[in-house]
Amino acid sequence: MTSNNNGLEIPLTTKFDRHSSVNFRRSEFDLEMVGPVKLTFLEQLEINYPDKIGLYYMIASVTFMSLNALFVKLCSNLPVFELVFLRSIMTFILLYVYVNKFSPNLNIDDKKNKKYILILICTGFFVAVTYIYGIYSLDLSEAVTVSFTTPMWLGLFSWVIFGQDFRPNELYFVALIALGVLCIMRPDFNSSDDTQEQIADNQNRFFGVIACLIHSFFNAGNTMIVKAMTTGLHPIVVMIFGTIINFAFSGIVSLITGWRAPSADEWLHIIIMTFLYFGGQFFLMKSIQKSEKTSNTPVILSYGQLPLAYLFDIVIFGSTPLFWSIIGTIAVMCGSIAIVKLR
């Protein structure tokens, strides 16, 4: 204890918490009380619903990513790399606004996180490009379905990299997923009597499925990396570095392959898509970080994108889902959810 000239006793140590603080002006020994620190809406949710916040974040991510896929499809006349480049520019603007508005903690204290971030930003470019190419080449529902084969790769990664037991039942479910992918791909081994339009359609479908499989492969690896990272790392950190890489690589490729000026409608779609992409990625990382390691509910909930994709195909694009595509979706969804449950 000490005292000022008026005899007021002041403790030398003061306990601080998030909601109150005390500032000392040593020259006058006055106490200046500062009001409680304001929590953001998301911080309040995390405090009030610690057990369910991962689930809530996944619901938000599913909503944003479903609408993001819709607007990607609406921009399908733009070259793939140009769309990635333009979206990166808009994402930079959003990141700047977010950082200045909310001042998030962007420190990377754990050295292990630096290694993980490097891997994420390198693979993130392939994830973005293959995702957009797949949506361009396939019906929206087909692209989303094949992109959701991630649990198949997670099971294989756990077996090959981490030496976990690969249960015989998992092999059956992997085969079920592969069968579903084949139903969507529908490879044509006899194209001698096909028209040029049919041949082009078969090629687009084949390469679109391959692109979505590559997307799900890298996405599975990124999911495992995010789970291994320190939970205190802010998602914006990864988004900043990832956007820099996407901007640089896609810009270079766009200059080489050619450029097409977007129309006014396409600019509007790109702006909306960027907001949706930003929100989807942000909430996805938050969901992975906040969910329990053993919780399967957020992963299973992510398959809510599938009925929305079918709805968009029918209502907006006027596309009638094919029988084999529906069978493929059911097979992929059942096999993937079964693997998630087993793991």
Side-chain angles (χ1 to χ4, degrees), residues 40 42 57-58 60-108 113 116-136 147 215 218-219 222-223 225-226 229 233-255 257 259-289 305:
T40 65
L42 295 182
Y57 281 148
M58 182 55 74
S61 177
V62 167
T63 304
F64 279 93
M65 292 306 292
S66 297
L67 293 171
N68 169 70
L70 168 63
F71 280 91
V72 169
K73 189 71 172 177
L74 291 173
C75 293
S76 56
N77 289 328
L78 287 173
V80 172
F81 291 101
E82 182 178 339
L83 183 58
V84 175
F85 177 74
L86 294 174
R87 188 179 68 180
S88 299
I89 295 176
M90 302 305 298
T91 304
F92 272 132
I93 297 174
L94 283 182
L95 287 170
Y96 177 81
V97 172
Y98 183 91
V99 170
N100 279 274
K101 175 69 174 178
F102 298 104
S103 302
N105 180 12
L106 303 180
N107 292 330
I108 310 173
N113 281 343
Y116 289 150
I117 290 174
L118 180 61
I119 298 173
L120 285 175
I121 62 177
C122 290
T123 59
F125 177 71
F126 296 101
V127 169
V129 170
T130 52
Y131 179 71
I132 293 174
Y133 181 86
I135 290 178
Y136 277 14
S147 297
H215 168 81
F218 282 112
N219 219 21
N222 290 350
T223 299
I225 290 172
V226 172
M229 293 170 66
L233 185 71
H234 203 285
I236 292 296
V237 175
V238 178
M239 294 182 68
I240 289 173
F241 287 106
T243 303
I244 292 172
I245 296 298
N246 288 346
F247 172 81
F249 286 176
S250 61
I252 293 171
V253 177
S254 294
L255 291 175
T257 58
W259 183 272
R260 188 182 76 76
S263 65
D265 287 344
E266 286 171 336
W267 271 117
L268 178 61
H269 293 158
I270 291 170
I271 293 171
I272 297 173
M273 178 186 63
T274 304
F275 276 96
L276 297 169
Y277 170 78
F278 183 93
Q281 292 296 316
F282 178 85
F283 288 119
L284 177 63
M285 282 199 64
K286 294 287 281 185
S287 175
I288 295 173
Q289 289 179 338
Q305 291 187 44

For the pair Ser61 (side chain) and Tyr57 (backbone), establish whether a donor and an acceptor sit closer than 3.5 Å, ignoring hydrogens and angles. no

Under 3.5 Å donor-acceptor, Ser76 side chain and Lys73 backbone: yes

Would you call [X] and [Y] a side-chain contact if the rule is heavy atoms closer than 4.5 Å?
| X | Y | result |
| --- | --- | --- |
| Leu86 | Glu82 | yes |
| Ile236 | Phe278 | yes |
| Leu70 | Leu276 | no |
| Phe283 | Val62 | no |

Locate the shortest heavy-atom distance separating [X] from [Y]; write the atom from each residue and the value.
| X | Y | answer |
| --- | --- | --- |
| Thr130 | Val127 | OG1-O, 3.3 Å |
| Met65 | Gly280 | SD-CA, 3.5 Å |
| Val80 | Val129 | CG1-O, 3.8 Å |
| Asn77 | Arg260 | O-NE, 3.4 Å |

Does atom CZ (Phe249) have a neighbourhood of more than 12 heavy atoms from anything else shown, all under 6.0 Å? no

Rounded to the nearest 0.5 Å, what separation is found between the [atom1] atom of [X] and the [atom2] atom of [Y]?
| X | Y | atom1 | atom2 | result |
| --- | --- | --- | --- | --- |
| Gln281 | Asn68 | CD | CG | 8.0 Å |
| Leu74 | Ile135 | CG | CD1 | 10.5 Å |
| Asn246 | Met239 | CG | CE | 10.5 Å |
| Ser88 | Tyr277 | OG | OH | 7.5 Å |
| Thr243 | Ile89 | OG1 | CD1 | 11.5 Å |
| Cys122 | Ile117 | SG | CD1 | 12.0 Å |

Which is it for Leu83 and Met273 under the side chain to side chain contact (heavy atoms under 4.5 Å, CB included) test, yes or no, and what are the steps along the way? CA-CA 10 Å; Leu83 183 58; Met273 178 186 63; 3.4 Å; yes

Stepwise side chain to side chain contact (heavy atoms under 4.5 Å, CB included) check, Thr274 with Phe71: CA-CA 9 Å; Thr274 304; Phe71 280 91; over 6 Å; no

Start with the C-alpha distance between Ile270 and Cys75, add both sets of side-chain angles, then the distance that settles side chain to side chain contact (heavy atoms under 4.5 Å, CB included), and finish with yes or no. CA-CA 8 Å; Ile270 291 170; Cys75 293; 4.1 Å; yes

Plane angle bin for [Y] and [X] - parallel if under 30°, tilted between 30 and 60°, otherwise perpendicular:
| X | Y | answer |
| --- | --- | --- |
| Tyr131 | His215 | tilted |
| Tyr98 | Phe102 | tilted |
| Trp259 | Phe85 | perpendicular |

With a 3.5 Å cut-off and no angle check, do the side chains of Asn222 and Thr123 form a donor-acceptor pair? yes

So which of Phe125, Phe81, Phe92 actually passes ring pair (Phe, Tyr, Trp, His ring centres under 6.0 Å) with Phe247? Phe92

How far apart are the C-alpha atoms of Ile240 and Leu106, what are their side-chain angles, what is the distance that settles it, and do they pass the side chain to side chain contact (heavy atoms under 4.5 Å, CB included) test? CA-CA 10 Å; Ile240 289 173; Leu106 303 180; 4.2 Å; yes

